[in-house]
Structures are given as C-alpha cells and as structure tokens.
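Report on the structure given below.
Chain letters run A, B, ... following the sequence lines, proteins first and then strands; every chain starts at 1.
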Amino acid sequence: MTQKLYTWTILSLVLVFLIGPFLIITAASFSAGDTLAFPPEGFSFKWIVKVFTVESFRESFVTSIILAVGGTLTALILGIPASYAMSRYKLPGAETVRFLVSLPIVVPGIIVGLALLRYFVIPLGISISLALFVAHTALVLPYAVRVVSASLNNLRSDMEEAAVLLGSTRFGAFMRIVLPNIRGGVLAAFILGFVTSFNQVPVSLFLSGPGVRTLPIDMLGYMEIVFDPSIAALSSLLAFFSIGIVFAAERFLGFSRYV
Amino acid sequence: MSDAPYLSLEKLTLAYGKSIAVENLDLTIRKGELLALLGPSGCGKTTTMRSIAGLMPVKSGRIVLDGKDITRVSANRREIGLVFQSYALFPHLSVFENVAFGLRLQGMSGAALTEKVDTGLRTVGLSDFSARKIPELSGGQQQRVALARSLVMKPKVLMLDEPLSNLDARLRLEMRTELQRVQKESGVTMIFVTHDQVEALALADRIVVMRNGVIEQIGTPEEIYNKPASSFVADFVGFENIATVVGNKLVGSAGEVTCPATLPNAAGLAWRPHAVPLGSGPYRGTVRGVSYAGSSREYVLETPLGPVKTEVDAALPTHQIGTELAFDLPPEAAAPLRKIG
Amino acid sequence: MFQNRTEALALALPAALFAAIVFLVPVAILLSEGFRTADGWSIQAYIDFFSMPLNQKVFLRTLRLGLTVTFVAAIIGYAAAYAIVTLPPSSKGKMIGLVVLPLMISPVARTYAWIVILGRTGIVNQALMTVGLTDGPVRFLFTETAVFIGLLQLFLPLMIISLISALENLPRDAVPAARVLGANWFQVFWKVLLPLTREGLVIGGTLVFTGSLTAYITPAILGGSKVLMLETLLYQQVTVANNFVSASIIALILILMSFAANILLRRIASARNSK
C-alpha cells in the first residue's frame with residue numbers, strides 16, 4: 001500500500017509540474033478580460049479569435065509551415081541516399097559523413113544562424129529566406145538520417161539483391177523494394193523533422209527580416225510589446241496543433257516505433 | 001545431362017578487402033547437373049555462390065557461363081537465379097506479385113504474365129496462394145514462393161543458399177524430394193550450398209567439399225562417402241577414427257601403435273565405427289563410454305592412439321565401463337587417405 | 001554489403017557537402033574571429049573576455065544552472081521513472097505518453113505559461129498572499145529561480161525517459177533479490193539500482209545538461225536582461241553591442257561544452273554496444 005501511495009504521489013506531482021502550466025495557459029486563453037490572468041476573468045473566445053486576425057501571425061505561420069515542410073523534405077532527399085550509402089555500402093570515410101550530418105545536433109542553433117547571417121547573407125547577398133530554409137534543412141538532417149538509418153538497418157539487405165538477380169537495376173530495387181518497406185520510417189522522420197523545425201527558435205533568431213519571420217520568433221517579439229492573453233491563446237493553439245499531429249501519427253503509423 | 005562444361009570457374013580468387021576468402025578455385029559444372037557446395041561455415045562456399053550470382057566482385061580469375069565470359073557482367077543481366085537462405089521475399093507484395101516481379105521487369109503483362117506466374121506457382125504446389133500476403137505464409141511456403149520466383153525467370157543456373165536449414169525435420173524431407181523433382185522436371189542446372197553432409201549426399205549429383213577457400217575434394221556422393229580424399233573430408237562424412245600412416249605404424253592424437261599387417265601406401269587411414277571389430281585384434285583399449293543406439297551399441301575406447309569409436313550389434317552382451325578389451329583396425333576395412341590435416 | 005565505392009560516395013556526398021557548407025565552413029569562420037587580430041592570431045580576446053566581470057558571471061551562472069538543473073532533474077527523474085516502471089503495463093504506456101507530451105509542444109508556449117504562473121499577479125503570488133505569507137507580490141520573473149524552474153520543466157522529460165529505459169533493462173528480480181539478502185531501501189538504491197542504471201543516468205544527464213547550457217528561449221523569456229545566460233548574452237552582444245568577437249568566443253565555449261558532453265555520451269553508448 002505504501003508503494004502505491006508513493007507511486008501516485010510522485011506521479012501526480014511530476015505531471016502537475018509538466019502538464020499543469022499547459023492546462024493553465026489553455027484556461028487563460030479563454031479569458032474575457034484584457035490582461036493575462038489565472039484564474040481567467042470570465043469566459044470568451046475573443047483571444048482565440050484575435051490570434052487569427054493578427055496579420056503577422058498569419059504570415060509567420062505560413063512561413064513556419066513552408067519552412068518545416070520544405071526543410072524536412074529537402075533533408076529527407078539528402079538524408080535518405082546518405083543513410084542508404086552508410087547502411088548498404090562500404091562507404092569510404094563513413095565516419096566523416098556520419099560526423100558531418102550529425103553536426104547540427106552538436107552545434108547550437110543560434111551559432112549557425114549567426115554564422116549564416118554574417119558570412120552568407122551579408123557578404124554574398126543570399127536572401128534571408130534561403131538562409132533560413134538551408135538552416136532548417138540542416139537542423140532536421142540528423143533526425144532524418146537517424147530515423148531512416150534505423151529503418152534501413154531493420155530491413156534485410158538480401159531483398160535488394162534478390163530484386164537485382166531478378167533483373168532490376170540497383171536504383172530500381174531501391175524504388176520498388178526498399179522504399180515501400182521503409183515508408184513508415186520515412187513518414188516518422190518527416191513528422192519528427194516537421195515538429196522540430198516548426199518549434200525551433202535559436203536557429204531562426206538572426207535569420208529574420210522584413211516579411212521573413214517564423215512563428216515562434218514572431219511570438220517572442222510580440223510578447224515583449226503586448227501583455228494580453230493573445231499569446232496564451234496562440235500558445236495553446238500551437239500546443240494542440242503539435243499534439244494533434246503526433247497523435248495522428250501514432251494512431252495511424254505507430255510513430256513511436258520509429259523514434 | 002551433357003558432359004560439356006556449362007559453367008566454369010577458372011582460377012577464381014575472391015576477397016573481402018585484404019582477407020582472401022577463396023583462392024585459385026577451378027570448377028566446372030555440367031548442364032542440368034545438381035551440384036552441392038559442401039563445407040563448414042567460413043569455408044568460402046557462400047562467397048563462391050555470391051560471386052557466380054554477381055553479388056561479389058571477382059579479384060582475379062574468370063567465370064564462364066554457356067560459352068560467355070560473365071565475370072564483369074552485372075548481376076541483373078546474368079540470368080542466374082538465387083534462392084536466399086532467408087528467402088528474401090518482398091513483404092509488401094502479394095505472392096503473385098513476388099513471382100511476377102522479374103517478369104514484369106522484362107515488360108511482360110496481362111494474360112501471358114498471369115499464365116507464367118500460375119505455372120510457376122503450380123510447379124511448387126502453391127496454386128491457391130497467389131493472393132496471399134507474404135507474412136501469412138509458413139516458412140516452407142515462403143521458400144516455395146522464393147523458388148517459383150526464381151524458376152519463372154528460366155535462369156541458366158539456379159542457386160540455393162542452405163535451402164533446408166530453416167525448415168523443421170519433417171518439412172526438410174518433403175522439400176528435399178520436392179527440390180529433386182523440380183530440378184528433374186525443369187532440367188535447370190542447380191547449385192546448392194550446405195553445411196550438412198546428409199543433405200548433400202541425399203540430393204546432389206556431385207559434391208564439392210570446400211575448406212578454407214579451396215576445394216578439398218570433388219566427387220559423386222558415393223565417392224565422397226566411401227573414398228574421402230583427406231582426413232578433413234573423412235571426418236566430415238562420418239569416419240570417426242582417423243590415423244596417420246608412418247612406415248608400419250599408425251599414429252593417432254595420443255600416440256602410436258605398430259600394425260602387424262602391411263599398411264597400404266597412403267598418408268592415413270580412416271574407419272567408420274562399424275568397421276572397428278571389438279573383442280579380437282592386436283590392440284587393446286579400455287571402455288570409457290557406452291551408448292545404446294537401437295540396433296547397435298556404441299563404445300568409446302581409450303587406447304594408445306587416443307579415443308577410438310566402435311559400433312557393434314546391440315544383441316551382443318554389454319561391456320561395462322572400465323573393462324579392457326581387444327580391438328582391431330583392419331587396413332582392408334579402412335578408407336585410404338591421400339592427405340592428413 | 002555493396003562494394004561499389006563511387007556509387008556509395010555519390011549517394012552520401014550531397015548530404016555531407018551540404019552539412020559541410022552550411023555548418024562547418026561558416027561556423028569555423030565564426031570561431032576563428034575570436035582569435036583574429038589586426039596583426040595575426042592571438043588569444044588576447046579570450047583573456048579580455050574572461051576578465052570582464054559580467055562575462056565571468058554569465059559563464060558561471062550558465063554552468064551553475066546547467067549543473068543544478070541536471071542534478072535536480074536526476075533526483076526527480078529517478079523517483080518518477082521508478083514509479084512509472086512499477087506501474088501495470090496499460091497505465092505505464094499512458095504515463096510515458098504524458099511525460100513525452102510536453103516535448104512535442106513549442107518551447108515558447110511552454111515557457112510562456114510560467115509568466116502566468118510566476119508573474120506579479122500569477123497564481124503563486126495569489127496563493128502566497130491569500131495564505132498571508134507575504135503582503136505584496138514576490139518577484140519571481142527575471143530571477144535565476146524562474147529560469148531554473150523553466151529549464152527543469154523543459155528538460156525533465158528527457159531525464160525521465162532515459163531512466164525509464166535504464167530501469168526497464170534492469171535484470172529481473174535484482175531489487176527483490178537484494179531485499180531478500182537483507183539490504184534496506186537505501187542500500188538497494190546505492191548498491192544495486194544506481195550502478196545498474198548509471199548509463200541511463202549519464203545519457204539523461206548529458207541531454208539535460210547540454211539542453212540547459214544552450215537554451216535560449218527560457219532565459220530570454222524568464223530571465224530577460226537581468227539573468228543572462230551564454231546564449232542570451234551572445235544575442236545581446238550581437239544585436240546591442242555589435243561585438244562579434246565576444247559572440248565568437250561564446251560560440252566556441254558553447255560548442256566545446258556541447259561536444260564534450262556528446263563525446264562522453266557516445267563513449268558510453270559504444271561501450272554498451274561492444275559488451
């Protein structure tokens with residue numbers, strides 16, 4: 001009995017600490033008052049509605065979606081062949097390749113953003129949008145390689161050999177045999193990459209300019225100026241958005257198997 | 001079966017990086033033959049098979065198939081089939097689509113394709129399974145699909161990697177007959193790789209025994225079984241008593257004995273347990289182990305040569321452990337070996 | 001394993017080159033700025049950097065926060081992970097899901113919630129005043145405590161998950177066996193649990209420590225300019241002071257600490273694989 005008491009005391013405390021703030025901010029976003037407060041003053045949807053009317057939120061939301069989708073797709077296009085080379089070939093310099101593609105996990109994002117701004121955007125005249133896109137692609141690359149590699153390593157390589165012996169080219173075998181069988185892993189990598197890129201802040205800090213701003217950066221700027229529940233409303237909307245994606249992925253894919 | 005060589009391996013050397021797996025291998029295979037590559041793991045048999053298929057680059061030497069040098073021909077154009085040990089079926093495709101895979105790549109479709117696939121599935125007795133998914137099949141059925149998938153391509157040579165090792169004992173017998181039937185019906189030249197001498201002896205027209213990347217002996221099952229060329233082959237096919245011949249002495253693992261009879265001109269001699277008479281003969285040994293095996297009883301004797309195994313009729317009275325007995329190693333009942341070690 | 005090297009390189013090169021051009025080259029140039037002077041290379045900038053009290057303070061604070069967050073996360077994480085692995089399988093899965101859930105939520109959203117809780121009119125202050133512990137609101141926001149709480153909430157799930165997988169790999173009945181042999185709970189923890197879960201602890205610790213060191217959002221929102229950490233200092237140096245030399249030095253410090261932690265992590269992971 002004491003064991004059970006211990007278990008539930010600890011777990012409720014930890015959950016209150018981890019999930020509680022999220023519930024409070026959700027409640028606060030339904031406030032009818034004009035200042036951020038908990039318990040909320042009255043109940044209304046006005047702040048939720050307001051989020052959708054703020055022009056810059058709409059723009060930066062679209063920017064973030066494009067970045068997350070485009071960056072993750074590009075990372076997969078680069079990462080899948082690299083993972084395939086590392087898992088199926090005797091790749092010269094495999095360790096160097098592994099090191100290079102895992103760099104974005106080790107190097108803090110803020111440094112990358114600054115470096116790109118200072119040495120690419122300013123001197124070479126590369127647009128901030130492109131730099132942002134490249135930075136987000138690089139950021140997602142390690143996750144893409146990790147998840148896809150895990151899927152590839154779970155797939156027996158003699159299937160490709162069998163396809164080749166039946167007359168297929170190596171590329172054909174990859175498209176017809178390998179890709180359909182690692183589909184789940186690729187989708188999981190996409191979702192993981194999307195969520196990572198969408199929520200990312202440090203890499204985008206220095207890479208914003210007029211009209212180019214990701215949603216989290218926009219929120220950071222907005223909350224310094226405005227102290228009403230709209231950021232709370234947006235935060236809870238975003239939380240539900242991310243959770244919704246991950247839940248759907250888990251439901252239809254068994255997402256957690258791959259991550 | 002014609003006698004002209006159909007597939008020849010000429011001075012074939014294969015290597016993984018710097019480590020040589022197969023060295024200077026010469027081997028010819030006749031059309032329609034059923035050949036076994038037999039040897040313990042690491043002997044180079046699988047590597048040899050993979051190089052014939054084009055999955056393993058050749059370091060030096062040639063592979064000639066049907067009069068054409070295919071050493072540098074890529075695997076997808078060699079017209080060689082391979083049934084993998086794991087079967088390597090495509091789990092996302094149905095049985096039908098697995099068998100149709102290669103035919104579709106040749107551009108075949110419609111009624112012609114369906115007919116060919118159906119024929120292939122009928123050959124292996126899986127006519128009713130074409131719509132099934134691969135994970136729904138048993139191991140034995142999966143192997144038949146893999147066999148059909150290779151057969152419908154009408155390969156010049158069909159190779160099988162350890163075809164019976166993943167099956168249980170009953171299925172193994174069934175598949176053995178099945179493989180022989182399919183081979184005789186289709187007339188395809190077949191090479192299979194195995195570490196199991198019983199399988200090789202039962203199935204093959206000819207057996208190639210390999211060891212450490214070189215061929216130890218090539219022969220019919222009868223030749224391999226009765227006249228092993230070396231102590232390695234003898235040991236592999238069940239000659240449990242092997243001795244080196246030095247002058248008129250027999251040398252074993254523990255020591256030597258002098259043979260009263262004249263020894264033949266051979267490097268060594270090998271006896272199966274039933275060829276070692278117990279109770280009479282010039283040598284003496286102490287019983288160290290007895291085991292009952294139905295119609296016979298096996299004894300392990302401790303002798304000056306080392307342990308000697310004999311097998312006698314179970315109807316004879318049992319000797320207790322510790323008893324000292326006479327036994328014989330008659331040269332005329334032994335297989336002469338050309339090579340020891 | 002295919003043997004064709006050209007094919008292998010052709011497949012791997014785009015990703016490797018991309019990472020090299022986007023990451024390695026610009027970051028290397030940035031790092032070199034801290035050592036470059038008008039007349040050659042020198043470490044003078046580093047000496048200057050570390051002789052400034054503000055920089056010393058921020059550096060030590062970042063280290064201190066990283067270590068305390070890791071330490072507290074380890075203690076809470078242990079208690080939580082042990083409670084979770086003892087649950088029946090059905091509720092265990094759900095509980096793990098609830099612990100992982102916050103990781104999917106935008107850190108900006110998660111951190112912002114603390115403003116509602118710790119603000120002047122936040123719940124904590126309301127509670128304190130209702131109970132009568134204080135007369136006026138206590139300042140929590142823009143203190144080290146707020147940053148500490150924010151970081152702990154952000155990274156605790158990583159520690160719990162690492163410890164859960166370590167505890168699940170524990171040999172069955174190791175704990176009951178130790179109990180039967182007469183160990184008390186403290187001895188069970190110290191002599192059995194801790195040595196057997198050291199790996200998970202180190203993995204979780206590395207994730208929490210590097211996460212805290214390189215956090216930007218939490219110190220930015222909850223610390224502001226009063227409680228700078230290395231990343232917020234870097235941002236300030238660039239945007240306010242236009243000081244790229246300082247930025248370069250901070251970048252190197254961050255990368256070195258992050259690298260060191262990751263190498264440690266990889267060592268442990270490979271030691272486990274080679275077993």
Side-chain angles (χ1 to χ4, degrees), chain A residues 3 6-7 10-11 14-15 17-19 21-22 24-25 28 36-38 78-79 81-82 84-86 88-92 97 100-101 103-104 106-108 110-112 114-116 118-120 134-135 138 141 195 199 201-202 205-206 216 219-220 223 231-232 235-236 238-239 242-243 246, chain C residues 1-5 7-9 11-12 14-16 18-20 22-24 26-27 29-30 76 79-80 83-84 86-87 95 98-99 101-102 104-110 112-117 121-123 153 156-157 214 216-217 220 231 234-235 238 244 247 251 254-255 258-259 262:
Chain A
Q3 164 82 30
Y6 161 84
T7 303
I10 292 285
L11 290 180
V14 167
L15 285 185
F17 181 61
L18 289 180
I19 314 268
F22 165 61
I24 286 172
I25 205 169
L36 187 62
F38 186 87
L78 290 168
Y84 191 67
M86 286 189 277
R88 294 295 196 268
Y89 287 83
K90 203 179 273 168
L91 175 67
V97 174
L100 280 172
V101 297
L103 263 186
V106 187
V107 179
I110 193 170
I111 298 169
V112 179
L114 176 62
L116 283 175
R118 195 156 157 72
Y119 308 110
F120 278 6
V134 161
L141 190 59
V195 172
N199 290 335
V201 166
L205 266 179
F206 289 110
M219 288 169 72
L220 279 178
M223 71 174 71
I231 289 289
S235 291
S236 39
L238 283 183
S242 301
I243 292 170
V246 174
Chain C
M1 185 75 89
F2 304 134
Q3 308 281 328
N4 190 329
R5 284 161 162 250
E7 239 174 71
L9 278 176
L11 289 169
F18 178 82
V22 175
F23 261 80
L24 208 55
V27 170
I29 304 176
L30 179 69
I76 301 177
I84 289 173
T86 54
L87 287 174
M95 198 55 78
L98 281 175
V99 170
L101 189 74
M104 305 300 165
I105 302 176
S106 160
V108 175
R110 288 170 70 191
Y112 190 70
W114 290 108
I115 291 188
V116 190
I117 298 165
T121 57
I123 340 171
Q153 198 236 10
L156 180 60
T214 60
Y216 174 82
I217 298 161
E231 287 227 357
L234 186 154
Y235 186 71
V238 171
F244 288 98
L254 286 171
I255 288 176
S258 180
F259 252 95
N262 272 281

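- Both the backbone and the side chain of Leu18(A) come within less than 4.5 Å of a heavy atom in chain C.
- For chain C, the option among Leu114(A), Val14(A), Val97(A) with the highest count of heavy-atom pairs below 4.5 Å is Leu114(A).
- Separating the OH atom in Tyr84(A) from the CD atom in Glu7(C) is a distance of 8.5 Å, to the nearest 0.5 Å.
- For the pair Ser242(A) (side chain) and Ile105(C) (backbone), a donor-acceptor distance under 3.5 Å is absent.
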Subject >> Intermediate values then yes/no, side chain to side chain contact (heavy atoms under 4.5 Å, CB included), Met223(A) and Val108(C) >> reply: CA-CA 10 Å; Met223(A) 71 174 71; Val108(C) 175; 3.7 Å; yes
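- Here Leu205(A) is the residue among Leu205(A), Ile24(A), Val101(A) with the most heavy-atom pairs under 4.5 Å with chain C.
- Of the inter-residue distances, the one linking Leu220(A) atom CG with Tyr112(C) atom OH reads 11.0 Å to the nearest 0.5 angstrom.
- The backbone N or O of Pro202(A) lies less than 3.5 Å from no partner atom in the side chain of Tyr235(C), so there is not a single donor-acceptor pair.
- Rounding to the nearest 0.5 angstrom, the gap separating the CD1 atom in Ile110(A) from the CG atom in Leu234(C) is 5.0 Å.
- Shown are Ile111(A), Leu116(A), Val112(A); of these, the side chain to side chain contact (heavy atoms under 4.5 Å, CB included) with Leu30(C) is made only by Ile111(A).
- Proximity to chain A (any heavy atom under 4.5 Å) is shown, for Pro14(C), by both the backbone and the side chain.
- Between chain A and the residues Ile84(C), Val99(C), Val116(C), the largest count of heavy-atom pairs under 4.5 Å involves Val116(C).
- Between Lys90(A) and Arg5(C), the shortest heavy-atom contact is O-CG, 4.2 Å.
- The side-chain hydrogen bond (donor to acceptor under 3.5 Å, both in side chains) check on Ser236(A) picks up Ser29(A), with sequence neighbours excluded.
- Using a 4.5 Å cut-off between heavy atoms, Phe120(A) contacts chain C through its side chain alone, with no backbone atom that close.
- For Thr214(C), the part lying near chain A is the side chain, with the backbone staying farther off; criterion is any non-hydrogen pair under 4.5 Å.
- Annotation: the span from Leu24(C) atom CG to Leu103(A) atom CG amounts to 6.0 Å, rounded to 0.5 Å.
- Ile117(C) touches chain A through its side chain: at least one heavy atom from C-beta onward sits under 4.5 Å away, while N, CA, C and O do not.
- Contacts between Ile10(A) and chain C at a heavy-atom distance below 4.5 Å involve the side chain alone, from C-beta outward.
- The part of Val195(A) that comes within reach of chain C is its side chain, from C-beta onward, which places non-hydrogen atoms under 4.5 angstrom from that chain.
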**OP:** Go through the steps for Leu11(A) and Leu87(C) under the test side chain to side chain contact (heavy atoms under 4.5 Å, CB included), then give the verdict.
**Re:** CA-CA 11 Å; Leu11(A) 290 180; Leu87(C) 287 174; 3.8 Å; yes
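- Contact of Phe18(C) with chain A is made through the side chain alone, with heavy-atom distances under 4.5 Å.
- When each of Pro216(A), Ala239(A), Ala232(A), Ala138(A) is checked for heavy-atom pairs under 4.5 Å with chain C, Ala138(A) comes out on top.
- Both the backbone and the side chain of Leu98(C) have a heavy atom closer than 4.5 Å to some heavy atom of chain A.
- Taking OH of Tyr119(A) as the reference point, atom CD1 of Ile29(C) lies at 6.5 Å (rounded to 0.5 Å).
- Looking at Asn199(A), its side chain never comes within 3.5 Å of a backbone N or O of Pro107(C) through a donor-acceptor pair.
- The contact between Leu156(C) and chain A is made entirely by side chain atoms (from C-beta outward), counting heavy-atom distances below 4.5 Å.
- Minimum heavy-atom separation, Leu141(A) to Ala19(C): CD2-CB, 4.4 Å.
- For the atom pair Ile19(A) CD1 and Arg110(C) CZ, the distance stands at 9.0 Å (nearest 0.5 Å).
- Of the listed residues (Leu11(C), Ile255(C), Ile76(C)), the greatest number of heavy-atom pairs within a distance under 4.5 Å of chain A belongs to Leu11(C).
- Partners of Phe23(C) under the ring-ring contact (aromatic ring centres under 6.0 Å, His included) rule, at least two apart in sequence or in another chain, do not exist in this structure.
- The greatest number of non-hydrogen atom pairs below 4.5 Å with chain A, out of Ala8(C), Ala113(C), Pro157(C), is found for Ala8(C).
- Heavy atoms of Val106(A) lying under 4.5 Å from chain C belong to its backbone as well as its side chain.
- Taking Ala135(A), Gly79(A), Ser235(A) one by one and counting their heavy-atom pairs under 4.5 Å with chain C, the maximum is reached by Ser235(A).
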